[in-house]
*Asks:* 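Just passing along the structure, written as structure tokens.
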Amino acid sequence: MSHSNESLLLIDGHSLAYRAFHALPVENFSTSTGQTTNAIYGFISMLINVLRDEAPSHVAVAFDLGRQTFRLEEYADYKAGRAKTPPEFHPQIDLIKDIVTAMGIRVVTKEGFEADDALATMSRLGTEAGAEVEVMSGDKDSFQLATDTVTILYPKRGVSDLNRMTPEAIEEKYGVTPANYRGLAALVGEKADNLPGVPGVGDKTAAKWLTAHGDLPGVLEHAEEIGGKVGEKLRDHIAEVERNYRLNRLLDDVDLGLSFDDLAWGEGDPTELSSLFDQLEFQALGRRLAAIFPDAAESEAETAPARETRIETVDVDGLLEKISAHDVLAVDSDARFELGHGEARVLAVSAEPGQAWVVDLAEAAASAIAALGSAFAQRSLILHSAKLQIKAWDSIGLKVRDIGGDTALAAYLLVPDARSYELGQIAADRAGIDLSEPEADSGQLALELDSDATSTTHGQRAAALLEVHEVLAQAVDDANMTEVYRAIELPLVPVLAMMELRGIAVDESGLSELIEEFTKQAEASAQEAYDAIGHEVNLGSPKQLQTVLFDELDMPKTKRTKTGYTTDADALAELFVKTEHPFLQHLQAYRDSTKLKQTVVGLLKTVADDGRIHTTYQQTVAATGRLSSLDPNLQNIPVRTESGRRIREIFIADPEVKGGCLLTADYSQIEMRIMAHLSGDAALIQAFKDGEDLHSYVGSKVFGVGIDEVDSEMRSKVKAMSYGLVYGLSAYGLSRQLAIGVDEAKALMEQYFERFGAVKDYLDEIVEQARAKGYTETIMGRRRYLPALHSDRRQLRDMAERAALNAPIQGSAADIMKLAMLKVAGRLEDLESPMLLQVHDEIIVDVRPDELDEVSAIVTEEMGSAYELDVPLDVNVGTGISWHAAAH
DNA sequence: GCTACAGCCA
DNA sequence: ACGTGGCTGTAGCT
């Protein structure tokens, strides 16, 4: 009997349920009767996805049965030291087994063996029957099973993404064949199973040895010839390695009493399945299941009408013709962008809900792509995460400079502190569209269905976009955020895209020199630290440092953390005052240098082929409305210390332009100005209008002295106080920061509020209003919802109150900066000087030599007039060859 | 792969 | 418990 068209899916139930249990928060998953369901939900969700994607003919889920395995018999400490499984976990396993069985899938367990052994055995059965086999397991030991016909599906992170580990993928990642993976694991060891390997040997070393000597027995035979410290360690640990090698072999000849045919995916029991899902209160999951298992969720049929998406594959000319009559288009693609270079192949366009055209951009001529760009330019484009799309398309010549809507941005404005803004989630939540669902009968409806799953995916996304955006745009309008959306966030997208595409030039050899220098400093400090205590210790390990400080040196205990006592910089400084132990200074010096080194190493890794660093701005991350920057983060480049500032010297003006320079322009005290404006405090407003030194002015009022009599100590107290207010600082916090008594801090705050009474009224009012309305608002009407203001948990409520104090101020500053960037970008369009970076209250422009005066004037004018407050907006401008030199 | 800690920025 | 908003690296654990 031939099974050549058959495929077998094997799943390690225990390891994946365990992952799901930890990936999904327990508190969000329980039924009205108190049954915890996070592991069930996560596992079944994952199962549905993989069944949908792989469509296997045969399936089995294996579970461990009890703890007593042959491995435990050989090695009493096998898997010892594992944290005890929380009590909520095991009851869920039984329910998972029930559901799996009701789905017509074989559940396999075998006393005395682990799930992995059952998987190995069934994998052999499948292979012998000529089937394609896929093994889904969270245990890396399964890698040894990979062959040309056996692929391991290994969960990437959480439970949603799977890595397809083919023999090639395993070789690429670990440098060894699947057959040798066992040997590699034996050498490196497995912490989760309490199987220590050879100390100091990681994947790289193990792979080197295995390659040199063929396999693990070969390595052990030639152990004598392996030099260095690691060779010695290997010889010292041969017994452990041999033990690991015996224990991590998966047995493929366990007597399961099953044949391949017994694993066929059967009909199951739809009635039972429905009842289980009802009992567990799974609704969305029931609908997703219905897609692959039509009988299972009949009752849900009317709440989730089957959606039809007509997807048609066309070439660019065909697409141009199709879209000619449409003004609004939804577009999605498989956009990617890394290290300054983007890619996109599959482009899906939709002009009405439920319909999409898909083109393969890789097969399109440059002229066709240019024509597509022109057609797009005349239409309003609705996208999801438009900036990524624009950047990826730019790399292949498809230039888009304007967008009509972005579902991610709209969803962000509506819920600015959501965990993610994935289209699937938004579509399901806002428009009841389930994008994870495959098409019912799509084969009949599609005129020319592309077999490639990617084109279906992007086609369905594009087809859903118009409807999803419609709903979101209405909600944005209902929340009075249309201006923020259409006049700020949307037009900012192409501006940011251009900044990211351009990137900032760096001096690579300068970076390398800094690494060398900081490394030397770190090594010297580490040595001095070791000398001070008489032995070596991992200075990067807070845990080991605690042993040194509090056990060996018997220093007084610092502030508690969850896992012990803090060793942070403030605590080290305090300890030094008390003990004067030199170790503390060397440790701090070590930390300073390694931190700088890491920063520079991180930067060097991100330099693209064009010698420039292209950061990515996140427009939907900060709950207040700020941008954030990542890969690398260019918004936290050191500036406070002299050595830190040297890192800013390597960010330079475009070296291709002779005589150019960088220009930095920043707002001075923008948050305090916004506080003055929003509170309407007459004294504070007057201070800004008079152009007084703010902190000296406030100091003179608070301490009742002349402005010239405010000494530096008074000034710094008041400065800390002013900034602290914006963040909801307490008297206790102020006392800690200024190292003064709580009473003194309290008195200081009272004095402050006596002089600036409107500020206090305003701060009180913000919280009160937020409590009543449920959200705070910025000057542009950007909202932040704070339901925790009503929490009965004190700590959560306090945090929400501080967030409420800060959000309108930080958020209004973000609004103003975004408005300024739009104006500056608009006026720089006709010049050759591009804007490169934004760091919250600062922008950096690469200035062509003949444009310096004009750019300087533009930036000052536009930033200064971006938004009219009751106080002036002061802008400082500086220029220089590097970011450091341009500081002022 | 996750959390905790530490530390950099506005 | 005690100041907001971010990102990244290492250690130590699953």
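Since the structure is predicted, the reported quantities are computational estimates derived from the model, not experimental observations. What you see below is based on every heavy atom in this structure, not just the backbone, and it leaves out hydrogens, waters and symmetry mates. Just so it is clear: chains get the letters A, B, ... in the order the sequence lines come, proteins before strands, and each one is counted from 1.
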*Asks:* Could you please name the option among B/dC5, B/dA10, C/dC7 that lies closest to any side-chain atom of A/Thr563?
*Replies:* B/dC5
*Asks:* Under a 3.5 Å cutoff, is there a donor and acceptor pairing between the side chains of A/Asp815 and A/Thr778?
*Replies:* yes
*Asks:* Check if the side chain of A/Asn636 and the base of B/dC8 share a donor-acceptor pair of N or O atoms closer than 3.5 Å.
*Replies:* yes
*Asks:* With sugar-phosphate meaning primed atoms plus P, OP1 and OP2, does A/Lys595 contact a base, only sugar-phosphate, or nothing at under 4.0 Å between heavy atoms?
*Replies:*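 Base contact.
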*Asks:* Report yes or no: do A/Arg648 and A/Thr664 form a side-chain donor-acceptor pair below 3.5 Å?
*Replies:*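 The criterion, which ignores hydrogens and geometry beyond distance, is not satisfied for A/Thr664 and A/Arg648.
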*Asks:* Can you say whether a donor on the side chain of A/Arg626 sits under 3.5 Å from an acceptor on the base of B/dA10, or the other way round?
*Replies:* yes
*Asks:* Classify the nucleic acid contact of A/Glu842 as base, sugar-phosphate or nothing, counting any heavy atom under 4.0 Å across all strands shown.
*Replies:*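 Result for A/Glu842 = nothing.
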*Asks:* What's the CE-P distance between A/Met165 and B/dG1, to the nearest Å?
*Replies:*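 From A/Met165 CE to B/dG1 P: 10 Å.
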*Asks:* I need the full list of side-chain hydrogen bond (donor to acceptor under 3.5 Å, both in side chains) pairs touching residues 797-809 of chain A, with sequence neighbours left out, sorted by first then second residue.
*Replies:* A/Arg771-A/Glu801, A/Arg794-A/Asp798, A/Asn806-A/Gln810
*Asks:* Please tell me which of the listed nucleotides, C/dC7, B/dC5, B/dG7, lies nearest to the side chain of A/Asp568?
*Replies:*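 Among the listed nucleotides, the one closest to the side chain of A/Asp568 is B/dG7.
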*Asks:* Whether A/Ser629 contacts C/dC7 is assessed here as follows: a side-chain N or O lying under 4.0 Å from the phosphate OP1 or OP2. Is that the case?
*Replies:* no
*Asks:* At under 4.0 Å between heavy atoms, what does A/Val601 touch on the DNA or RNA strands: base, sugar-phosphate, or nothing?
*Replies:*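 Result for A/Val601 = nothing.
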*Asks:* Counting side-chain heavy atoms from C-beta on, which of C/dC2, C/dC7, C/dT4 comes nearest to A/Ser628?
*Replies:*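 For A/Ser628, the side-chain atoms sit closest to C/dC7.
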*Asks:* State whether A/Arg784 places a side-chain N or O below 4.0 Å from either non-bridging phosphate oxygen (OP1 or OP2) of C/dG5.
*Replies:*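 For C/dG5, OP1 or OP2 has a side-chain N or O of A/Arg784 closer than 4.0 Å.
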*Asks:* Contact class for A/Arg736 (heavy atom, under 4.0 Å): base, sugar-phosphate, or nothing?
*Replies:*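 Here A/Arg736 touches no strand at all.
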*Asks:* Name the nucleic acid region contacted by A/Asp798, choosing base, sugar-phosphate or nothing; use a 4.0 angstrom heavy-atom cut-off, strictly under.
*Replies:*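 The residue A/Asp798 makes no contact with any strand.
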*Asks:* Between A/Leu596 (CG) and C/dT10 (C1'), how many Å, whole number?
*Replies:*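 Atom-to-atom, A/Leu596 to C/dT10, this comes out as 16 Å.
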*Asks:* Hey, does A/Gly540 reach any base, or is it just sugar-phosphate, or nothing, if we go heavy atoms under 4.0 Å?
*Replies:*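 Sugar-phosphate contact only.
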*Asks:* Picking from C/dC13, B/dC9, C/dG5, which would you name as closest to the side chain of A/Lys543?
*Replies:* C/dC13
*Asks:* I'd like to know if A/Gln598 reaches the base of B/dG7 with its side chain, counting only an N/O donor and acceptor under 3.5 Å.
*Replies:* no
*Asks:* Which nucleotide, C/dG3, C/dC2, C/dG6, lies nearest any side-chain atom of A/Gln737?
*Replies:*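 Nearest nucleotide to the side chain: C/dG3.
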*Asks:* What's the verdict on side chain to side chain contact (heavy atoms under 4.5 Å, CB included) for A/Ile844 and A/Phe651, showing C-alpha distance, side-chain angles and the deciding distance?
*Replies:* CA-CA 11 Å; A/Ile844 291 130; A/Phe651 292 90; over 6 Å; no
*Asks:* Could you tell me how far apart A/Asn633 (CG) and C/dG5 (P) are, to the nearest whole angstrom?
*Replies:*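 In whole Å, C/dG5 P and A/Asn633 CG are 17 Å from each other.
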*Asks:* Would you tell me if any nitrogen or oxygen in the side chain of A/Arg794 comes within less than 4.0 Å of OP1 or OP2 on C/dA1?
*Replies:*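 So the side chain of A/Arg794 is outside the cut-off, no N or O lying under 4.0 Å from OP1 or OP2 of C/dA1.
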*Asks:* Rounded off to whole Å, could you give me the CG-to-P distance for the A/Leu729 and C/dA1 pair?
*Replies:*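 Between P of C/dA1 and CG of A/Leu729: 18 Å.
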*Asks:* Could you tell me the separation between the CG atom of A/Asp841 and the C1' atom of C/dG5, rounded to a whole number of Å?
*Replies:* 13 Å
*Asks:* Distance check: side-chain N/O of A/Gln544 vs OP1/OP2 of C/dG12, anything under 4.0 Å?
*Replies:*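 The answer is yes; a side-chain N or O of A/Gln544 sits under 4.0 Å from OP1 or OP2.
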*Asks:* Under 4.0 Å, counting only non-hydrogen atoms across every strand here, what does A/Thr567 touch: a base, just sugar-phosphate, or nothing?
*Replies:* sugar-phosphate
*Asks:* For A/Phe550, is the NZ or CZ atom of A/Arg560 found under 6.0 angstrom from the centre of its six-membered ring and inside 45 degrees of the ring axis?
*Replies:* no
*Asks:* Would you kindly compare A/Pro416 and A/Thr599 by the position of their nearest DNA chain C nucleotide and give the one closer to the 5′ end?
*Replies:*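 It is A/Pro416, whose closest nucleotide lies nearer the 5' terminus.
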*Asks:* Can you figure out which of C/dG5, B/dA6, C/dC7 approaches the side chain of A/Ala622 most closely?
*Replies:*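 Comparing C/dG5, B/dA6, C/dC7 against the side chain of A/Ala622, the answer is C/dG5.
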*Asks:* The side chain of A/Arg802 is closest to which nucleotide in this list: C/dG6, B/dA10, C/dG3?
*Replies:*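 Closest nucleotide among those given: C/dG3.
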*Asks:* Quick one: which of C/dC2, B/dA10, B/dC8 gets closest to the side chain of A/Tyr732?
*Replies:* C/dC2
*Asks:* Any side-chain N or O of A/Thr624 below 4.0 angstrom from OP1/OP2 of C/dG5?
*Replies:*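 No, no such contact exists.
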*Asks:* Look at all strands and tell whether A/Ala814 reaches a base, only sugar-phosphate, or nothing, counting heavy atoms closer than 4.0 Å.
*Replies:* nothing
*Asks:* Hey, does A/Ala569 reach any base, or is it just sugar-phosphate, or nothing, if we go heavy atoms under 4.0 Å?
*Replies:*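 It contacts sugar-phosphate atoms only.
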*Asks:* Find the distance A/Arg19:CZ to B/dC2:C1' and express it as a whole number of Å.
*Replies:* 10 Å
*Asks:* Quick one: is C/dA11 close enough that its OP1 or OP2 comes under 4.0 Å of any side-chain N or O from A/Asn538?
*Replies:*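 So the side-chain polar atoms of A/Asn538 do come within 4.0 Å of the phosphate oxygens OP1 or OP2 of C/dA11, strictly under.
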*Asks:* Phosphate oxygens OP1/OP2 of C/dT10: is one of them under 4.0 Å from a side-chain N or O of A/Thr594?
*Replies:*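 Result: no.
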*Asks:* A/Gln521 and A/Asp592: side-chain donor and acceptor closer than 3.5 Å?
*Replies:* no
*Asks:* With respect to the side chain of A/Ser730, which nucleotide from C/dG5, C/dC7, C/dC2 is positioned closest?
*Replies:* C/dC2
*Asks:* Looking for any heavy atom pair under 4.0 Å, which part of the strands does A/Ile637 touch: base, sugar-phosphate only, or nothing?
*Replies:*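 If one applies the 4.0 Å heavy-atom cut-off, A/Ile637 turns out to touch the sugar-phosphate alone, with no base involved.
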*Asks:* Side-chain N or O of A/Arg793 less than 4.0 angstrom from OP1 or OP2 on C/dA1?
*Replies:* no
*Asks:* Flag the pair A/Leu539 / A/Tyr530 as yes when at least one side-chain heavy-atom distance between them is below 4.5 Å, and no otherwise.
*Replies:* yes
*Asks:* Can you name the closest pair of heavy atoms from A/Ala17 and A/Phe43 and give their distance?
*Replies:* N-CD1, 3.8 Å
*Asks:* Classify the side-chain pair A/Ser668/A/Arg673 by whether it contains a donor and acceptor separated by less than 3.5 Å.
*Replies:* yes
*Asks:* Between atom CG in A/Asn806 and atom C1' in C/dG6, what is the gap in whole Å?
*Replies:*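 That distance rounds to 12 Å.
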*Asks:* Does C/dG12 have OP1 or OP2 under 4.0 Å away from a side-chain N or O of A/Ser541?
*Replies:* yes
*Asks:* Would you kindly give the NZ-to-P distance between A/Lys717 and C/dG3, to the nearest whole Å?
*Replies:* 18 Å
*Asks:* Mind checking A/Val726 for me? I need base, sugar-phosphate or nothing, with any heavy atom below 4.0 Å counting as a touch.
*Replies:* nothing
